[in-house]
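A short worksheet on the structure shown next.
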Amino acid sequence: MLQRLEWTVIRRLDGLLQGDHRTLMRGSGLDLADLREYQHHDDVRHIDWNVTARLQQPHVRVFTEDREMAAWFLLDLSPSVDFGSGAQRKSELLLGFVAVLARLISRHGNRVGAVQYGALGQAQVDAVLPARGGRAQVLRLMQLVRKGVAASSTPSRHNGVTRLADLLRSATHAVRQRSTVFVVSDFISEPGWEKPLGELARRHDVVAVRLLDPLELNLPDLGLVTVRDAETGEQMLVDTHDSGFRQRFARIAAQREAQLRESLTRAGVDTLELATDDDLAEAILRFVDLRRRRSALRAGQPLPSHMAR
């Protein structure tokens with residue numbers, strides 16, 4: 001699979017990123033490079049209070065990023081991720097995303113690691129892969145995730161309610177040094193994950209990679225169908241021919257979307273949305289473009305003309 005992705009996706013991204021692989025990750029910023037006046041989009045944690053008091057004007061420290069960085073993947077393979085209405089399931093999309101990102105990151109001397117949750121049918125962390133570098137580490141990571149995806153699709157597996165907060169809290173112990181942390185999940189979970197996500201974002205550069213399927217947002221007219229809650233196993237017969245039912249479904253889904261996006265924004269994380277019908281390379285390029293914009297705003301630099309539109 002990795003060889004196929006290298007030919008179909010990674011080589012394509014290599015040509016389009018044009019040296020911007022580092023945009024995928026941000027270093028821990030240990031080396032002080034300069035001081036400048038505070039601007040609206042700056043991180044308040046970088047304010048130099050001594051200089052601010054002396055000059056009577058807020059100033060921030062500007063850092064150079066570390067050459068060697070670590071990326072961690074927090075992987076939600078709970079029952080709801082084993083769903084897809086088209087050619088691929090959300091779990092398969094997760095596997096492809098992790099393989100591509102891990103290879104891109106590790107090729108530039110960085111380390112990758114993972115914490116996997118829910119793959120064995122229990123609402124708990126079931127595997128931790130310490131961060132290491134090299135192609136062999138990417139293959140180990142892919143083997144771990146492929147086994148998890150295979151296990152998650154087993155019909156007889158125990159269904160349980162997802163507690164995403166448990167996965168996020170586990171990262172506190174697994175990820176010791178400042179890293180880029182990709183939380184890959186559909187965020188269908190018991191409430192309570194927002195606070196640990198915000199706490200994680202205060203220590204690390206956190207990216208929420210939200211998996212979704214078009215059918216979760218809008219129901220087509222399919223007549224009478226049986227729907228099943230993957231988390232609880234509950235089944236229900238619904239009439240999708242009823243336009244009123246479809247409209248109510250779309251309205252509730254839109255409300256959930258708005259609440260989820262608001263929660264992610266409050267937590268202070270960047271978000272990449274990946275749909276099962278997405279082109280993976282295009283989605284990653286959209287994310288890189290977002291990161292470039294954020295970096296330019298934080299640094300107080302004008303946006304390039306092609307990004308300012």
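Note that this is a predicted model, so its numbers are computed, not measured. Numbers for residues simply follow the sequence, beginning at 1.
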Minimum-distance pair of heavy atoms, taken over all atoms of Gly118 and Asp126: N-OD2, 3.1 Å
Interatomic distance, Leu274 atom CG to Arg210 atom CZ [nearest 0.5 angstrom]: 10.5 Å
Gln88 side chain to Thr276 backbone, donor-acceptor under 3.5 Å: yes
Residue pairs, two or more places apart or on separate chains, that pass ring pair (Phe, Tyr, Trp, His ring centres under 6.0 Å) and touch residues 236-262: none
Whether Tyr117 side chain and Leu168 backbone form a donor-acceptor pair below 3.5 Å: no
Set of residues satisfying salt bridge (charged side-chain N to carboxylate O under 4.0 Å, His left out) with respect to Arg132, sequence neighbours excluded: none
Atom pair CD (Glu257) and CG (Leu217), whose distance is rounded to the nearest 0.5 Å: 5.0 Å
Side-chain heavy-atom pair Val183, Val269 within 4.5 angstrom cut-off: no
Minimum-distance pair of heavy atoms, taken over all atoms of Ala267 and Glu194: CB-O, 4.5 Å
Heavy-atom side-chain proximity of Thr162 to Ile188 below 4.5 angstrom: no
Which atom of Ser185 lies closest to which atom of Asp76, heavy atoms considered: OG-OD2, 2.7 Å
Joint hydrophobic cluster, Leu141 plus Ile284, side-chain heavy atoms closer than 4.5 Å: yes
pair Asp205-Arg178: side-chain heavy atoms closer than 4.5 Å: yes
Donor-acceptor under 3.5 Å (Thr240 side chain, Asp221 main chain): no
OG1-CD distance between Thr52 and Glu37, expressed to the nearest 0.5 angstrom: 10.0 Å
Heavy-atom donor-acceptor pair, Gln137 side chain to Pro130 backbone, under 3.5 Å: yes
Smallest separation among heavy atoms of Val161 and Ala123, with atom names: O-CB, 3.5 Å
Co-membership, hydrophobic cluster, residues Ile105 and Val288, 4.5 Å side-chain: yes
Side-chain heavy-atom pair Asp166, Val125 within 4.5 angstrom cut-off: no
Atom of Pro220, atom of Leu215 and distance for their closest heavy-atom approach: CD-CD1, 3.2 Å
Spacing of CG belonging to Leu211 relative to CG belonging to Leu272, to within rounding of 0.5 Å: 9.0 Å
Gln177 CD: over 12 foreign heavy atoms closer than 6.0 Å: no
Residue pair Val149 / Arg89, side-chain heavy-atom distance below 4.5 Å: no
Close side-chain approach of Val238 and Val225, heavy atoms under 4.5 Å: yes
Residue list, salt bridge (charged side-chain N to carboxylate O under 4.0 Å, His left out) with Glu262, at least two apart or on another chain: Arg266
Ring pair (Phe, Tyr, Trp, His ring centres under 6.0 Å) pairs, two or more places apart, involving residues 69-102: Phe73-Phe182
Rounded distance [0.5 Å steps], CZ in Arg286 versus CG in Leu290: 10.5 Å
Nearest heavy atoms of Ala250 and Asn218, plus distance in Å: CB-OD1, 3.5 Å
Residue pairs involving residues 188-221 (criterion ring pair (Phe, Tyr, Trp, His ring centres under 6.0 Å); sequence neighbours excluded): Phe187-Trp193
Distance-only side-chain donor-acceptor flag, Arg146 / Gln143, under 3.5 Å: no
Pairwise side-chain contact, Met142 with Val98, heavy-atom cut-off 4.5 Å (strictly under): no
Short side-chain to backbone donor-acceptor contact, Lys90 and Asp213, under 3.5 Å: no
Worked check of side chain to side chain donor-acceptor pair (under 3.5 Å) between Gln259 and Arg256: CA-CA 5 Å; Gln259 292 170 355; Arg256 180 184 178 276; over 6 Å; no
Residue list, salt bridge (charged side-chain N to carboxylate O under 4.0 Å, His left out) with Asp279, at least two apart or on another chain: Arg12
Test item: Gln124 and Arg163 side chains (from C-beta on) under 4.5 Å apart, heavy atoms: no
Any donor-acceptor N/O pair, Asp278 side chain to Leu280 backbone, under 3.5 Å: no
Among Leu264, Val209, Val207, the one residue meeting side-chain contact (heavy atoms from CB on, under 4.5 Å) with Thr271: Leu264
